[in-house]
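Working notes for the structure below.
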Amino acid sequence: MGGRRIGIRRPRVRGADGRELPLETWERFAEDDPLTPRAVEQMVLGVSTRRYERSLEPTPAGLRSRGTSKSAVSRRFTAATREQLAQTMSRDLSALPLCAVMIDGIHMGEHLVLVALGIDEHAQKHVLGMYEGATENATVCTALLNDLVARGVRTDRTMLFVIDGSKALCKAIRAVFGARALIQRCQVHKRRNVEDHLPEEMRQDIGRTISTAYRCADAARAKRMLEALARQLERKHPAAAGSLREGLDETLTVLRFELPEGLMRTLATTNPIEFLNSRIRKTTHNVTRWEGGEMVLRWLSVACEEASKTFRKLRGYKAMPKLVAGLRAYDAQLNPKSVDGSKRAA
């Protein structure tokens, strides 16, 4: 009743042999199911276990209640989130027509969790999985990708991978997906990395130049503009020039599909998964002590589930067929057979 158990008098029914008979209606009322979702919802909304009882509606004077203590609420939340995590980590992904995957890490105390966000051919977003580790190294990245493949993500069709520029992620993606992986490094991260190597007074102008190049919607022209900027910076700021040149082609991958600006700008950055991470932080902001990786993953699982309720289609989603066509054309270049396996006409 209202997120708690209440004490009432229960009738006792006996059969002709004198034995007590179970009451189906009573057993139904006594189940924990209504309490567990309520406890999870309260925690997700930011109510701590200590304040759970205060968040409930008041009961009439003299009514005995229980199940609202810190330990009782914590037990229900732990059981529910453990089940949620198991479902998340075992969900079959083979039916998702994925065309892009975004991967980013989020720090939870001393733990780092890699989160994968998939984008299907209809521009819908899906949380695919997560993997906990101490650092964003190649081993952790490879383990995450192998888990996705084991649960049904295809490796025989080209996909776009959008990342922040981590070399470990690049290495892992190529190791698992090979030539079928087209990597797009976040243009916002690239601009910030270059600006970090420059004096304060130069950052705004150089940043504006980089953004202008990325917005020209022509990969060849953008590359010429950025290479010219690198030559300009070479003498006085070689570190900034080196940062700009490093992985430059991978920041232009999306431009080669000649997509409309809305979709191109969305896929050229990690903004969609950054939004997911911000929702995770909002859901978990009351947790001050992480007692282990299992606790971290349980909280992330329920936070991702909560965030998925707010997901919308990507900006510029109407141009998704053009992206899909470009990916399938790349498949045709790698394999002289069509996607369905039949030979192409001579």
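Start at 1 with the first residue, then count along the sequence. Model, not experiment: these values are computed from the prediction.
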Reference residue Glu132; test side chain to side chain contact (heavy atoms under 4.5 Å, CB included); the match among Leu112, Leu144, Val140, Leu297: Leu297
Member of Ile173, Asp104, Thr270 meeting the side chain to side chain contact (heavy atoms under 4.5 Å, CB included) criterion with Ile163: Ile173
Full working for side-chain hydrogen bond (donor to acceptor under 3.5 Å, both in side chains) between Gln124 and Arg312: CA-CA 7 Å; Gln124 298 285 0; Arg312 299 180 180 178; over 6 Å; no
Rounded distance (nearest 0.5 Å) linking atom [atom1] of [X] with atom [atom2] of [Y]:
{"X": "Gln187", "Y": "Glu250", "atom1": "CD", "atom2": "CD", "result": "12.5 Å"}
{"X": "Trp299", "Y": "Thr78", "atom1": "CH2", "atom2": "OG1", "result": "9.5 Å"}
{"X": "Asp249", "Y": "Arg185", "atom1": "CG", "atom2": "CZ", "result": "10.5 Å"}

Pair Ser211-Arg191, side-chain donor/acceptor within less than 3.5 Å: yes
Thr269-Asn271 side chain donor-acceptor pair, cut-off 3.5 Å: yes
More than 12 heavy atoms of other groups within 6.0 Å of Arg221 CZ: no
Glu24 atom CD: more than 12 heavy-atom contacts under 6.0 Å: no
Do you know which two heavy atoms are closest between [X] and [Y], and how far apart they sit?
{"X": "Pro272", "Y": "Lys125", "answer": "CB-CD, 4.4 Å"}
{"X": "Met225", "Y": "Ala213", "answer": "CE-CA, 3.8 Å"}
{"X": "Leu233", "Y": "Ile206", "answer": "CD2-CD1, 4.0 Å"}
{"X": "Ile280", "Y": "Cys304", "answer": "CD1-SG, 3.8 Å"}
{"X": "Gly326", "Y": "Phe257", "answer": "C-CE2, 3.6 Å"}

Would you mind checking if [Y] and [X] are paired as a salt bridge, meaning a charged N to carboxylate O distance below 4.0 Å?
{"X": "Glu261", "Y": "Arg315", "answer": "no"}
{"X": "Asp331", "Y": "Arg180", "answer": "yes"}
{"X": "Arg192", "Y": "Asp196", "answer": "no"}
{"X": "Glu234", "Y": "Arg245", "answer": "yes"}

Main-chain N/O of Ser243 paired to Lys190 side chain as donor or acceptor, under 3.5 Å: yes
Polar side-chain atom of Ser278 near backbone of Phe275 as donor-acceptor pair, under 3.5 Å: yes
